[in-house]
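Computed from a prediction, not measured in an experiment: that's the story for all the values here.
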Amino acid sequence: MDDPAVRRLQLWRTVLGVAAWVGLMVTYNAVVSADDVKAAADDRLDQSWTSVLVLVCTFPVVVGAFVAAARGGLRRVYLRRVLRPIGAVAAIMGSMGTSALAMAPELAGLRDAVGLPGKIAIGVLFAWSVCFALYGIGLSLVHVFRTADIHEVVPPVLAGILVWEMALLDLTTGAYPQVPAGTRMAFILGAPVTVTALSWWELRRLRHHHGLTLRRALGR
């Protein structure tokens, strides 16, 4: 199923989230110098990477429940389709693993052993892997690790669960301490409320325009 409106919705869901975060940082003077810009960028990257890690942990639970709830031959069909999203997860995790090869103190002996040509090769691989990981993280957050390959109703369901998990994580870890409590709470809870509404709209569009529902996807 190729629906341009749904694709645009997935993209804007991510873009608006980043824009809201930038506006919050600038409004409350979290970014006032070059060092602050770097710190804020690092913080946003850490948050994106945390989102991916949370998604990696949430993915098998939600998808496993979806597959287990399916009836008849649908269960086998969905199990085969899970291989593509798993491949996307493995590619992201594998690309990030090269940072250890390039930077981990424990592997300094290996880097010295391969000499200058080996170090250059490791540096090139590391640079490519970082670019691949950043691009992959963006796509993963927009397309929810290609879970539409399992069934089109899975991404909005998974996105809704993920964003509430991230909000709970932000609340428990005290994210955005420089922001007033009321604004901080509104920002943290605004994301899951908005994404949940957009996910509901996406499910509604899938139902009305394509006849795709969670009940039908499960064969019920």
Side-chain angles (χ1 to χ4, degrees), residues 1-21 47-93 135-171 186-220:
M1 190 275 296
D2 184 18
D3 190 327
V6 171
R7 288 205 314 272
R8 287 195 298 270
L9 172 66
Q10 293 169 340
L11 177 61
W12 278 106
R13 182 171 57 199
T14 303
V15 170
L16 290 175
V18 174
W21 173 83
Q47 285 184 316
S48 297
W49 181 236
T50 300
S51 298
V52 172
L53 293 177
V54 172
L55 180 54
V56 168
C57 296
T58 305
F59 172 85
V61 177
V62 175
V63 172
F66 178 82
V67 173
R71 290 181 175 177
L74 287 174
R75 191 173 300 171
R76 290 189 296 273
V77 172
Y78 294 150
L79 280 174
R80 288 195 298 269
R81 293 179 180 177
V82 165
L83 294 177
R84 290 181 180 177
I86 288 178
V89 173
I92 295 294
M93 302 303 291
Y135 180 68
I137 288 173
L139 288 182
S140 296
L141 298 179
V142 173
H143 300 292
V144 200
F145 276 128
R146 295 188 58 179
T147 45
D149 288 345
I150 302 172
H151 194 280
E152 287 81 358
V153 302
V154 177
V157 172
L158 188 54
I161 294 173
L162 172 67
V163 75
W164 281 104
E165 288 181 329
M166 291 303 302
L168 180 61
L169 186 63
D170 284 343
L171 288 172
F187 179 78
I188 291 176
L189 295 181
V193 170
T194 302
V195 171
T196 300
L198 292 175
S199 295
W200 176 85
W201 181 88
E202 186 175 342
L203 288 170
R204 184 174 181 274
R205 182 175 178 83
L206 289 172
R207 181 175 70 253
H208 287 288
H209 291 265
H210 305 283
L212 299 173
T213 66
L214 182 60
R215 182 180 294 274
R216 291 177 183 174
L218 298 176
R220 297 176 181 273

What are the two closest non-hydrogen atoms of [X] and [Y], and how far apart are they?
{"X": "A159", "Y": "V195", "value": "O-CG1, 4.0 Å"}
{"X": "V153", "Y": "L214", "value": "CG2-CD1, 4.0 Å"}
{"X": "P155", "Y": "T147", "value": "CG-OG1, 3.5 Å"}

Please report the interatomic distance [atom1]([X]) to [atom2]([Y]), rounded to the nearest 0.5 Å.
{"X": "M166", "Y": "I161", "atom1": "CE", "atom2": "CD1", "value": "14.5 Å"}
{"X": "R216", "Y": "L206", "atom1": "CZ", "atom2": "CG", "value": "12.0 Å"}
{"X": "E165", "Y": "L158", "atom1": "CD", "atom2": "CG", "value": "8.5 Å"}
{"X": "R207", "Y": "E152", "atom1": "CZ", "atom2": "CD", "value": "15.0 Å"}

side-chain contact (heavy atoms from CB on, under 4.5 Å) partners of W164, counting only residues at least two apart: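 For W164 the side-chain contact (heavy atoms from CB on, under 4.5 Å) partners, ignoring immediate neighbours, are L189, P192, V193, T196.
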Could you list the donor-acceptor pairs under 3.5 angstrom formed by side chains in residues 78-86, with sequence neighbours left out?
residue: Y78; atom: OH; partner: A217; partner atom: O; Å: 2.5
residue: R81; atom: NH1; partner: I150; partner atom: O; Å: 2.9

Scan the side chains in residues 63-75 for donor-acceptor partners under 3.5 Å anywhere in the protein, sequence neighbours excluded, and list what turns up.
residue: R75; atom: NE; partner: V67; partner atom: O; Å: 3.4
residue: R75; atom: NE; partner: A70; partner atom: O; Å: 3.3
residue: R75; atom: NH2; partner: A68; partner atom: O; Å: 2.9
residue: R75; atom: NH2; partner: A70; partner atom: O; Å: 2.8

